[in-house]
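Encoded as C-alpha cells, the structure appears first; notes follow it.
Below, read A as the first sequence line, B as the second, and so on, with proteins coming before strands; counting in each chain starts at 1.
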There are 2 protein chains.
Amino acid sequence: MLQIASGVRGGTPSASGPAGPSANSSLLLTESPQWIGGPPSLIERLTPREREIVLKQGRRKVLNRGQTLFSQGAKHDGIYLIESGRIRVFYTSPQGREITLAYWRAGNFVGGPEVFGGGIHQWSGLASSNCSVVHLPGKELRTLATEIPNLAIGLIEGLTFKGKCYSALAQMLGTRSITQRLAHLLLHLMNLYGVEDPDGVVIAAAFTHADLAHMVGATRQWVTISLKRMQEKRIVLTKRSQIVVCRPDVLEEMRGQAVD
Amino acid sequence: MLQIASGVRGGTPSASGPAGPSANSSLLLTESPQWIGGPPSLIERLTPREREIVLKQGRRKVLNRGQTLFSQGAKHDGIYLIESGRIRVFYTSPQGREITLAYWRAGNFVGGPEVFGGGIHQWSGLASSNCSVVHLPGKELRTLATEIPNLAIGLIEGLTFKGKCYSALAQMLGTRSITQRLAHLLLHLMNLYGVEDPDGVVIAAAFTHADLAHMVGATRQWVTISLKRMQEKRIVLTKRSQIVVCRPDVLEEMRGQAVD
DNA sequence: CCGTTATGGTGGATTAGTTGCCGGGAAAAG
DNA sequence: CTTTTCCCGGCAACTAATCCACCATAACGG
C-alpha cells in the first residue's frame with residue numbers, strides 16, 4: 001500500500017475558513033486571477049418563479065462535515081446544487097493516490113460527470129464543511145433545461161467554468177514541478193483567504209499538509225519539506241498549522257509567470 | 001530554456017491515421033472504455049432547419065496541417081465547430097513545457113474556455129491535419145442557444161464531455177507515474193487506432209515520441225526510455241516509428257486497473 | 001488523561017529531467 | 001533521380017526531484 005498524504009481515509013480538510021472574497025468559486029488551480037469568482041450562481045440567475053419550479057423538482061439533503069455525498073464508481077443521476085457549505089471533489093487511483101479536483105462552494109453544482117443522468121461517478125464528493133445541497137435528477141433536469149433557457153445557459157456557464165478549472169489543473173500538473181505547483185497554490189489560497197497581518201498575509205483557512213498534498217498531487221512529506229524550505233528562505237512563515245505568506249513576489253517567480 | 005519533447009515548435013503530430021472506430025471522440029486520457037465515442041456531434045443533433053440557421057451565423061475557415069487556429073493568450077470570441085480534421089489543443093507553460101489537453105475531431109467544438117465570447121484563450125489550438133472549421137461568435141451563439149434548445153443541450157453535453165476529458169487527464173497526471181501514464185495512453189491509442197497484426201495490435205497512427213511525451217506530460221527522452229524498457233520486456237514492439245502492442249494485459253496491469 | 005491526528009524529519013531508492021551527440025531516414029529541393 | 005536538409009529516434013552521463021518507509025513528537029478532541 002502506498003503511503004500518500006497520510007493515508008487514504010477520504011481526506012477531511014478542515015473547513016473553518018471564512019467565506020472569503022469569492023464565495024462562489026472553486027479552488028481553481030490556475031494562474032489567471034480574473035477567474036476567481038466563477039460563474040454566476042446557477043440558482044440566483046433564475047427568476048423567483050423559475051427558481052421555484054426548479055427547486056420543486058429537487059430534494060434537499062443536509063450533510064455534516066466529513067460525510068460522503070457520492071462515491072467514485074457508483075452510478076449517478078443528475079447533479080447536486082450546493083446551497084451552502086463546501087464539497088471536496090477528488091479522484092482516488094487504484095493504488096490509493098488521491099488528487100483533489102476542486103472544492104466547490106455554494107452556487108455551483110457537483111456530481112457528474114454527466115449532468116443529465118446516466119453514467120458512473122468518476123470521482124467522489126465529500127462535504128468538507130456542513131453542507132446543504134439539492135439533488136436534481138437527470139431526466140427532470142433535462143426537461144427543465146429545454147424549457148428554461150436561463151437554466152440551460154447557467155448550466156453551460158457552470159460547465160465552462162468546470163472545464164476551466166480542470167484544464168487549469170491539468171496544465172499545472174503536466175508542466176510544473178511540485179514546488180512550483182505548491183507556490184502557485186499558496187498564492188491562490190492567499191487570494192482566496194488572505195487576511196493582512198504584520199508579518200505578511202495570513203491564509204485564514206486551515207488546510208493540513210495532507211490537504212495541500214492532495215491539491216498539488218504530491219505526498220504529504222514532500223509538501224512538508226517544501227514548506228520548510230520556503231520557510232528557511234523567509235518566503236512563508238508557518239505558525240501553528242497556519243501559513244503566512246511573507247514574500248508573494250518570490251512565490252510568483254517560483255511558479256513561473258502567467259502567460260496572458 | 002528547457003528542452004522538452006524536442007523543443008517548443010508548437011508540435012505538429014502526424015495525422016495520417018484512419019478515422020478509427022470513434023471519429024467523434026477526443027483522445028480521452030481516461031480509463032473508462034465506455035467514454036470512447038464522446039457526445040453526439042453538436043451539428044448532427046440539430047434538425048436540418050436548425051442547422052441551417054446556426055451555420056448561417058458562422059464563418060467557415062480552412063486550415064492546413066500545422067496551422068494555428070488560435071493562440072494561448074489571445075483574446076477570443078465564441079467557438080469553432082470542427083467539420084473535418086483534427087485539432088490539437090495544448091497549453092504551454094512560461095518555461096516552455098507543453099501539455100496536450102486533447103485532440104479534438106469532427107463533431108466537437110474547440111476554442112474556449114468561454115463559449116459565449118469574452119475572455120482569453122488559456123491554450124492553443126493547432127491543426128494536426130487539414131481541417132475545416134466553422135467559427136460561431138459568442139454573442140450570436142448565446143442568442144442561438146436560448147432560441148434552440150437542441151443547441152443548448154448539445155453545448156451542455158459537449159462541455160460535459162470536455163470536463164470528463166480534462167478531469168480524466170488531471171486524474172492521470174496527479175496520481176500516476178509517467179510509465180503508468182504511458183501504458184495507459186498506449187492502451188487508449190490501441191482502442192482508437194488499433195489494427196490487428198500477426199505480432200499484436202498495431203497502432204495505426206503516427207505519433208512521434210514527442211507527441212506522446214506531450215500527451216503524458218513528460219520529456220521526449222523519458223518516453224523513449226520507457227518505450228525501450230517496454231520493448232525489452234516484449235510488451236510492445238516498435239518497428240519503424242510505429243508501435244505494436246503485444247501484451248495489452250501487461251499494460252493494463254501497469255497502469256493500474258480501472259475502479260468502476 | 002488518552003487515543004488520534006498533524007507536523008517534522010531522515011536516509012535510501014527511484015523516477016525523471018538535462019545536456020549533448022549521433023546516425024538513419026524521410027521529405028524537400030535541385 | 002540525386003542531393004540536401006531536417007526531424008526523429010536512440011543513447012549516455014549527470015543531476016535533481018520525488019517517493020517511500022519509518023519514526024518521533026506535538027497538538028487536539030473527548
Quiz item: Quick one: does A:I99's side chain get under 4.5 Å of A:L173's, heavy atoms only?
Solution: yes

Practice problem: Would you mind telling me which of D:dG9, D:dT18, C:dG8 lies closest to the side-chain atoms of B:H209? | Solution: D:dG9

Quiz item: Would you say the ring centroid of A:F161 lies under 6.0 angstrom from that of A:Y166?
Solution: no

Quiz prompt | Closest nucleotide among C:dA16, D:dT18, D:dC19 to the A:T179 side chain | solution = D:dT18

Quiz item: Rounded to the Å, how far apart are A:R229 CZ and C:dG8 P?
Solution: 15 Å

Quiz item: How many angstroms lie between atom CD1 of B:I243 and atom OG1 of B:T238, to the nearest 0.5 angstrom?
Solution: 7.5 Å

Quiz item: Could you state the CD1-P distance from A:I178 to C:dT15, rounded to the nearest angstrom?
Solution: 15 Å

Quiz item: Within the modelled atom types, does a donor on one side and an acceptor on the other bring the side chain of A:R220 and the base of C:dG8 under 3.5 Å apart?
Solution: yes

Exercise. Verify the contact: side-chain N or O of A:W222 to OP1 or OP2 of D:dT18, cut-off strictly under 4.0 Å; return yes or no.
Key: yes

Self-check item: Candidate nucleotides D:dC8, C:dT7, C:dG17, ranked by approach to the side chain of B:T208 - the nearest
Solution: D:dC8

Quiz item: Out of C:dT19, C:dT10, C:dG17, which nucleotide sits closest to the side chain of B:Q221?
Solution: C:dT19

Self-check item: Under 3.5 Å donor-acceptor pair, B:Q180 side-chain atoms to C:dT15 base atoms
Solution: no

Quiz item: Rounding to a whole Å, what distance do you find between A:Q242:CD and C:dA6:P?
Solution: 17 Å

Quiz item: Is the phosphate of D:dC19, meaning OP1 or OP2, less than 4.0 Å from a side-chain N or O of A:T219?
Solution: yes

Quiz item: Rounded to whole angstrom units, what separation is found between the CZ atom of A:R97 and the P atom of D:dC20?
Solution: 6 Å

Quiz prompt | Between D:dG9 (C1') and B:I225 (CD1): distance, integer Å | solution = 12 Å

Quiz prompt | Closest to the B:K228 side chain, choosing from D:dC19, C:dA16, D:dC11 | solution = D:dC11

